[in-house]
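Below: the structure, in structure tokens.
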Amino acid sequence: MSLQFKIEATCGNARGGRLFTPHGEIETPIFMPVGTLASVKGVPQDILEELGAQIILGNTYHLYLRPGIDTMRRMGGLHRFMSWRRAILTDSGGFQVFSLNELRKVNEEGVTFRSHLDGSSHFFSPESSMEAQIGIGADIIMAFDECTEFPADRARMKSSMEMTARWAARSKKYFEDHKHEVPWDSSQHSAVSSRPTQLPATFHDQTQSLFGIVQGGMDPELRKESAERTIEVGFPGYAIGGLSVGEPRDLTRDVIESTLEHLPADKPRYVMGVGTPQEIVEYANLGVDMMDCVLPTRAARHGLLFTSEGKVSIKQARYAQDAGPLDPNCGCRVCQRYSRAYLRHLYASNEVLAQVLNTIHNLSFYLDTMRRVRHSIRLGEEFSF
Ligand SMILES: [Zn+2]
């Protein structure tokens, strides 16, 4: 076993649990900040630790193009490269290949695409995605899938889902044959062993864990079939992919709810690329254990802040002389120290500090929201805004 998942409390369909990884323990349900290029944009790693981030996400497509997998390996993997000792998850690169490359060519073997940086030609297959993700060395890595576009007709959704199922089997085969090649070294293991209360002794000689991804577009029957075929391949955790691709939000929710029914109750369930604060609470209440989204970090850089009193667009003139904190109910270092007037001034003046402070607050709000959800589950009360 390379990963252990324990459910310790339930409330309705929601589950409160713990996921044990080679780089520490994660309390679930969890929100994972996105650190695309070995950086959660604008936030130093020590502040991520202070905010209570237990796991962050890296993007294989971006890290493969820059700095490249060879550099990643030579630097001892992503944990060591970015000085992050806690858990990391990488996506397979599939989503970026599909969303950033209009000229991609897909066949059974894999996807040929052009770099968005310099136009150079590259090829991703289940095998090469696994090779890249093993080189990066995240604790949890994802099977290479095809993210079906929206809208798509049923024949297209079905053939895409079937290819994802075949790619899942190829991903697992390559991973099982090569998982010992992960570039973790003894210094990282000693970082783990310095926290003996958090990790069972059996975790000292661990490998990565590969999760499967359920596709099937917006069709509940195809989602069910995809879940069954992915479970047949067999993974220690399952993701629901292919959402947040332009579909209406109530459809996102319906697909999540109906797909969850077909996933094993004793394995972690991860919904990729969602959502607003309200949505992550709603999905946790449906029984989702893991989520990630660029929304809190990307919105922060555009001056859109999530608070206990609703959304705040800090650029507005009404905040120019507002001496109050951004969110009076937030304990983050930004709300404890700075006024709305100052944050508005930084943003209006295009100061780099605006992006830093806004991102710290938004991440704090998301992570705090999930902390409250976990607390509510343990009390047996459904959390809602
Ligand atoms: Zn705050």
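The basis for the numbers below is simple: all heavy atoms, side chains too, and nothing from hydrogens, waters or symmetry mates. Note that ligands are numbered from 1 as they come in the structure, with each ligand's atoms numbered from 1 the same way.
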**OP:** Could you tell me if the ring centre of Phe211 sits under 6.0 Å from that of Tyr238?
**Re:** no

So the protein N/O/S atoms within less than 2.8 Å of the Zn ion (ligand 1) come down to Cys330 SG, Cys332 SG, Cys335 SG, His361 ND1

Practice task
Verify the distance criterion only: is there a donor paired with an acceptor across the side chains of Glu25 and Gln54 at less than 3.5 Å?
Solution key: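 Per modelled atom types, Glu25 and Gln54 side chains form no pair under 3.5 Å.
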
Does any pair with a residue in residues 351-370 pass side chain to side chain donor-acceptor pair (under 3.5 Å), and if so which ones, sequence neighbours excluded?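 Only Asp368-Arg371 qualify under side chain to side chain donor-acceptor pair (under 3.5 Å).
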
Exercise: identify the closest heavy-atom pair between Leu65 and Ser115: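 Closest pair (atom of Leu65, atom of Ser115, distance): CD1-OG, 3.7 Å.
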
Checklist entry - Are Asp219 and Arg223 ion-paired here, with the side-chain N under 4.0 Å from a carboxylate O? => result no

ask   = Can any side-chain N or O of Thr21 pair as donor or acceptor with the backbone N or O of Ala87 at less than 3.5 Å?
value = no

